[in-house]
Amino acid sequence: MLKIQCRQFSSTARQLAKVSVLGAAGGIGQSLSLLLKLNPRVTNLALYDLRGGKGVAADLSHINTQATVEGYDTTPGDLERCLQGSDLVLIPAGVPRKPGMTRDDLFDSNASVVRDLADAVARSAPSAKLLIITNPVNSTVPIAAQVLKSHGVYNPRTLFGVTTLDAVRASRFASELKQTSPEHERITVVGGHSGLTIVPLFSQSNHPDLSSDAELIRRIQFAGDEVVQAKAGAGSATLAMALAGARMADAVLRAMGGEKGVVESTFVDSPLYKDQGIDFFASNVELGRDGVERILPVGTIDPAEQKLLHAALPDLRKNIERGLAFTQDKK
Ligand code: NAI
């Protein structure tokens, strides 16, 4: 009996997880923090923002779920205290798009935000899994990688660009056309996270015919614009994005807790197209206790998708190079 209790205790103890959100008072940050507060795998939620982090934390701390919640702001030492002991760090800090902007247009505002926050992660939580939401993801992930490298703490298995929203959207839009249950659709999306670099692979889904539906493919690639236009200057996707970020965080936490076979598509340091000068690529990734366990190959795709992938690679290469050049310029 005692033995069983000990086992139960140790398996519970293993699942203690401190999760930090940097940019927690923003449109994404607030909803994401709410969803994380509802996740039973999260035991300690640390919320940092330049403004408003403490208010969001006070509010969420009254929800009767197990996670304790603490808020942090620009008080000296607060960012470090927020990060210390974190198992998982999510970064949704930065400026969102306004109508007419591409994600790449955010580079000048957001590159330095991600650089500075990655620097803080390297100093205070170097072994945490780091999930980057801030756009342009195709560039901000390489920036974070360079910063971690400069501190000698880069682990390609623990850095992720969050592209889950593309898969969420592809599932929803396909289900609208096929009258299926959206929660049960699993559409793999590869490439990157902007415009033409977003490549859905319907040939590998239950609806292979959709791979030649140009209107649907374009809708998935530019779905963010629908939201940016509808919000008319008040920002970009925040609610669906929060759901997507929470799904990705949950996948990482489940795998850290020992669950096997957890697969999400995500933008990581990847061998798949390195021979073409592309160091980061989004594809299905099997997650494990230490982060990336296995990067799954793109697999067999049909000619329409080959064309999409071919069109994606030059943009992706440019976006990655822009991120790398930014960190080199600043040396
Ligand atoms: P928002 O403007 O509502 O919130 C951003 C928050 O970041 C603000 O509270 C701000 O105070 C905070 N912030 C800015 N600089 C900071 C710093 N150095 N340290 C800590 N906090 C800082 O923006 P929203 O809508 O939440 O979007 C955030 C980012 O997420 C944008 O870059 C947006 O493009 C991106 N995004 C990414 C998606 C994805 O699929 N990966 C989807 C949608 C948006």
Side-chain angles (χ1 to χ4, degrees), residues 20-23 48 50 79-80 82-84 86-95 102-164 190-195 197 245 248-249 252 265-283 285 287 290-292 295 312-331:
S20 302
V21 181
L22 312 184
Y48 171 78
L50 299 178
L79 177 54
E80 292 73 17
C82 171
L83 287 168
Q84 268 153 20
S86 295
D87 300 291
L88 177 62
V89 178
L90 293 119
I91 303 188
V95 176
T102 65
R103 292 182 181 85
D104 200 40
D105 294 333
L106 296 173
F107 189 94
D108 290 338
S109 318
N110 289 348
S112 56
V113 171
V114 170
R115 178 198 59 203
D116 295 349
L117 293 175
D119 186 80
V121 171
R123 290 172 196 277
S124 300
S127 50
K129 313 286 184 299
L130 178 55
L131 274 58
I132 309 278
I133 292 170
T134 308
N135 273 316
V137 164
N138 294 355
S139 306
T140 52
V141 171
I143 289 172
Q146 290 299 103
V147 171
L148 294 165
K149 271 183 197 162
S150 73
H151 285 271
V153 296
Y154 179 53
N155 177 356
R157 297 179 64 188
T158 58
L159 176 64
F160 305 86
V162 180
T163 58
T164 327
V190 300
H193 176 68
S194 70
T197 70
M248 183 63 197
V252 172
S265 76
T266 171
F267 187 68
V268 292
D269 188 327
S270 170
L272 296 182
Y273 290 90
K274 272 205 203 276
D275 61 346
Q276 298 187 41
I278 293 169
D279 288 343
F280 297 85
F281 190 81
S283 67
V285 170
L287 301 165
D290 301 320
V292 173
I295 293 173
L313 297 181
D315 274 5
L316 193 50
R317 190 182 298 109
K318 251 187 273 161
N319 295 159
I320 294 168
E321 280 168 1
R322 191 172 185 198
L324 297 176
F326 173 77
T327 46
Q328 275 148 16
D329 288 351
K330 305 287 155 181
K331 274 183 186 158

Which heavy atom of [X] sits nearest a heavy atom of [Y], and at what distance?
X	Y	value
Ala144	Leu159	CB-CD1, 4.0 Å
Tyr48	Leu50	OH-CD2, 3.9 Å
Ala93	Thr134	O-OG1, 2.6 Å
Ala118	Val147	C-CG1, 3.7 Å
Pro271	Ile295	CD-CD1, 3.6 Å
Ser270	Lys274	O-CG, 3.2 Å

Walk me through whether Asn135 and Thr140 qualify under side chain to side chain contact (heavy atoms under 4.5 Å, CB included). CA-CA 7 Å; Asn135 273 316; Thr140 52; over 6 Å; no
Please answer whether the main-chain N or O of [Y] pairs with a side-chain N or O of [X] as donor and acceptor at a distance below 3.5 Å.
X	Y	result
Thr102	Asp105	yes
Arg103	Pro136	no
Thr163	His193	no
Thr164	Gly245	no
Thr266	Val162	no
Thr197	Ser194	yes
Ser139	Asn319	yes

Would you kindly say whether Tyr154 and Asp269 are connected by a side-chain donor-acceptor distance under 3.5 Å? yes
Rounded to the nearest 0.5 Å, how far apart are [atom1] of [X] and [atom2] of [Y]?
X	Y	atom1	atom2	value
Leu83	Leu22	CG	CG	5.5 Å
Asp290	Asn155	CG	CG	8.0 Å
Leu117	Ile143	CG	CD1	11.5 Å
Leu88	Phe160	CG	CZ	8.5 Å
Tyr273	Asp279	OH	CG	14.5 Å
Gln328	Glu321	CD	CD	10.0 Å

After noting the C-alpha distance and the side-chain angles of Val268 and Phe281, does the key distance pass the side chain to side chain contact (heavy atoms under 4.5 Å, CB included) rule? CA-CA 6 Å; Val268 292; Phe281 190 81; over 6 Å; no
Which residue is it: Leu130, Val113, Ile133? I am looking for the one with a side chain to side chain contact (heavy atoms under 4.5 Å, CB included) to Ile91. Leu130
Let me see the working for Arg322 and Asp315 under salt bridge (Lys or Arg N to Asp or Glu O under 4.0 Å), right down to the final yes or no. CA-CA 11 Å; Arg322 191 172 185 198; Asp315 274 5; over 6 Å; no
Can you check whether [X] reaches [Y] side chain to side chain, under 4.5 Å on heavy atoms?
X	Y	answer
Leu313	Gln276	yes
Leu79	Ser124	no
Asp87	Lys129	no
Asn138	Phe280	no

Do the rings of Phe326 and Phe107 sit parallel, tilted or perpendicular, given the 30° and 60° boundaries? perpendicular
Contacts of Asn110 meeting side chain to side chain donor-acceptor pair (under 3.5 Å) (sequence neighbours excluded), chain-then-number -> none
Under 4.0 Å between a Lys/Arg side-chain N and an Asp/Glu carboxylate O for Asp119 and Arg115? no
